[in-house]
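Letters go in sequence order (proteins before strands), and every chain restarts at 1.
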Protein chains: 2
Amino acid sequence: MKTKTIEKPQLSNIEPLLQKSNIRPTAMRILVYKFLLENEAAKALIDIENHFAKSDRTTLYRTIKTFEDKGIVHQIDDGTGTAKYALCEEGCNCEIETDLHLHFHCKICDETICLTDHKIPQINLPNGFSAENANLVIKGICDKCSC
Amino acid sequence: MKTKTIEKPQLSNIEPLLQKSNIRPTAMRILVYKFLLENEAAKALIDIENHFAKSDRTTLYRTIKTFEDKGIVHQIDDGTGTAKYALCEEGCNCEIETDLHLHFHCKICDETICLTDHKIPQINLPNGFSAENANLVIKGICDKCSC
DNA sequence: CTTGTTAATGCACTTCTGTTGCACTAACAT
DNA sequence: ATGTTAGTGCAACAGAAGTGCATTAACAAG
């Protein structure tokens with residue numbers, strides 16, 4: 001399978017990367033960013049809380065909100081009822097709602113991943129309807145669980 | 001635009017219709033069914049609660065759950081965070097997860113409707129991924145709000 | 001028509017996620 | 001070094017979803 005090689009930021013580069021997006025690189029923020037970077041799957045707030053058991057729920061909540069506001073993280077609604085978050089790839093335009101990549105939710109491992117290279121196809125709507133944004137979640141079994 | 005005429009059940013036919021699906025036609029259930037039938041848009045539990053202010057939340061909650069279990073109502077996750085419910089059309093196979101129609105959420109009137117005639121197009125997934133279900137919500141402005 | 005069983009209803013309570021107010025503390029520029 | 005701004009932690013709240021249990025209604029069998 002031919003997969004596009006995506007240049008992931010190096011762990012050591014997190015600090016300037018945050019600064020580039022006008023986010024003060026506090027210790028907590030660097031750790032949360034690192035956590036998201038190390039995980040392919042999108043994470044829910046509760047996952048981040050569990051990983052940083054010592055930290056306060058609110059801080060993590062606001063950290064993610066900051067990341068989202070500054071456009072380096074996007075929220076995913078995968079139908080499980082709890083919001084997931086994933087780092088935006090380079091050049092992601094999710095903040096202007098035109099980056100219509102789709103998401104895959106595996107019913108075995110219960111993880112949600114971005115299929116960044118797969119865009120949502122054009123949909124013909126009935127007369128009078130105008131689309132501005134779209135959310136497509138495919139559910140099934142992921143590559144890791146299908147052997 | 002050429003719209004398919006859908007035969008909606010008559011209000012007077014609700015009782016036998018529920019019985020056909022092995023649902024005891026209690027007064028409450030008939031009213032809830034009628035409410036869903038009279039609304040084009042999918043309704044959240046809170047909408048049903050507000051409409052039947054005299055009734056208990058739990059009863060309405062379990063009524064909808066029953067409808068869902070018996071396959072006459074399907075749940076819609078439109079990204080607003082609260083689940084919406086809509087009657088299944090005749091021949092809807094949502095319970096076996098193959099009825100992949102899409103949903104439209106209007107950001108003006110905040111209503112969600114089923115676009116029953118619009119199916120989700122085939123998506124090519126990466127190797128190793130198998131799809132079983134899909135959920136596509138388009139957000140924008142609906143016909144009623146776009147004048 | 002009565003009776004017994006099963007299902008539906010209503011109330012109270014709990015859980016989970018998301019969110020805000022406020023005091024305290026750390027970061028950074030001057 | 002110091003003052004302002006931003007980040008953190010605690011508590012509390014809000015909304016939706018779900019459960020336990022006692023009461024009541026529905027319905028089939030006698």
Side-chain angles (χ1 to χ4, degrees), chain A residues 14-35 42-70 72-86 105 110 112, chain B residues 14-36 42-70 72-86 105 110-112:
Chain A
I14 293 176
E15 201 166 325
L17 195 149
L18 292 178
Q19 283 171 325
K20 210 181 70 184
S21 299
N22 283 316
I23 301 170
R24 277 199 195 176
T26 65
M28 202 64 248
R29 286 169 176 179
I30 292 171
L31 286 172
V32 171
Y33 192 95
K34 199 170 149 187
F35 177 67
K43 293 292 173 188
L45 213 49
I46 187 83
D47 299 324
I48 306 175
E49 281 172 49
N50 291 338
H51 189 256
F52 298 103
K54 295 280 180 60
S55 296
D56 187 73
R57 224 165 58 83
T58 316
T59 303
L60 298 170
Y61 167 75
R62 286 198 261 237
T63 297
I64 286 291
K65 280 285 170 221
T66 303
F67 285 1
E68 211 188 340
D69 290 345
K70 301 292 185 180
I72 64 168
V73 149
H74 64 275
Q75 196 184 38
I76 303 163
D77 174 14
D78 63 2
T80 57
T82 51
K84 304 279 194 313
Y85 300 91
H105 178 78
D110 199 42
T112 300
Chain B
I14 294 177
E15 200 166 325
L17 195 149
L18 292 179
Q19 283 171 325
K20 209 181 71 184
S21 298
N22 283 316
I23 301 170
R24 277 200 195 176
T26 64
M28 201 65 249
R29 287 170 174 180
I30 292 170
L31 286 172
V32 171
Y33 192 94
K34 199 170 149 187
F35 177 66
L36 292 176
K43 293 293 174 188
L45 211 50
I46 187 79
D47 299 324
I48 305 175
E49 282 172 50
N50 291 338
H51 188 256
F52 298 103
K54 296 282 180 57
S55 295
D56 187 74
R57 224 171 53 79
T58 317
T59 304
L60 297 170
Y61 168 74
R62 286 198 260 235
T63 297
I64 286 291
K65 279 287 169 219
T66 303
F67 285 2
E68 213 188 338
D69 290 346
K70 302 291 186 181
I72 65 169
V73 150
H74 65 275
Q75 196 184 39
I76 302 164
D77 174 13
D78 63 1
T80 58
T82 51
K84 305 279 195 313
Y85 300 90
H105 178 77
D110 200 41
E111 300 224 306
T112 300

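Put simply, the side chain of Asn50(A) never gets that close to the backbone of Asp47(A): no donor and acceptor are under 3.5 Å apart.
Residue Glu15(A) contributes atom CD, which lies 12 Å from atom C1' of dA27(C) at whole-angstrom precision. In this structure, CD1 of Ile46(B) is placed 14 Å from P of dA14(D), rounded to the nearest angstrom. Atom pair Ile64(A):CD1 and dG7(D):C1' shows a separation of 15 Å (rounding to whole Å applied). If you take CG of Asp77(B) and P of dA17(D), they are 11 Å apart, rounded to a whole angstrom. As rounded to whole Å, 13 Å separates atom P of dA17(D) from atom CG of Leu60(B). The CD atom of Glu49(A) sits 15 Å away from the C1' atom of dT8(D) (whole-angstrom rounding). The distance from atom NZ of Lys65(B) to atom P of dA16(D) is 15 Å, rounded to the nearest whole Å. Atom-to-atom, CD1 of Ile48(A) to P of dT8(D) comes out at 14 Å; the value is rounded to the nearest Å.
Taking CG of Asp56(B) as the reference point, atom CD of Glu49(B) lies at 8.5 Å (rounded to 0.5 Å). Here the NZ atom belonging to Lys65(B) is positioned 14.5 Å from the NZ atom belonging to Lys70(B), to the nearest 0.5 angstrom.
The side-chain heavy atoms of Ile72(A) and Leu18(A), taken from C-beta on, include a pair separated by under 4.5 Å.
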B/S/- contact track for nucleotides 7-16 of chain C, protein heavy atom under 4.0 Å: SSBBBBB---
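No close placement of the Tyr85(A) and Phe67(A) rings is indicated, their centers lying 6.0 Å or farther apart.
Counting non-hydrogen atoms under 4.0 angstrom, Ala44(B) reaches nothing in the nucleic acid.
Across Leu31(A), Ile46(A), Val32(A), a single residue satisfies side-chain contact (heavy atoms from CB on, under 4.5 Å) together with Leu60(A), and that is Val32(A).
The nearest heavy atom of DNA chain D to Leu45(B) and to Gln19(B) marks one nucleotide each, and the one closer to the 5' end goes with Leu45(B).
Taking both residues in full, the closest heavy atoms of Ile30(B) and Pro25(B) are given as CD1-O, 3.7 Å, listed atom of the first, atom of the second, then distance.
Residue Tyr61(B) places no side-chain N or O under 4.0 Å from the OP1 or OP2 atom of dA16(D).
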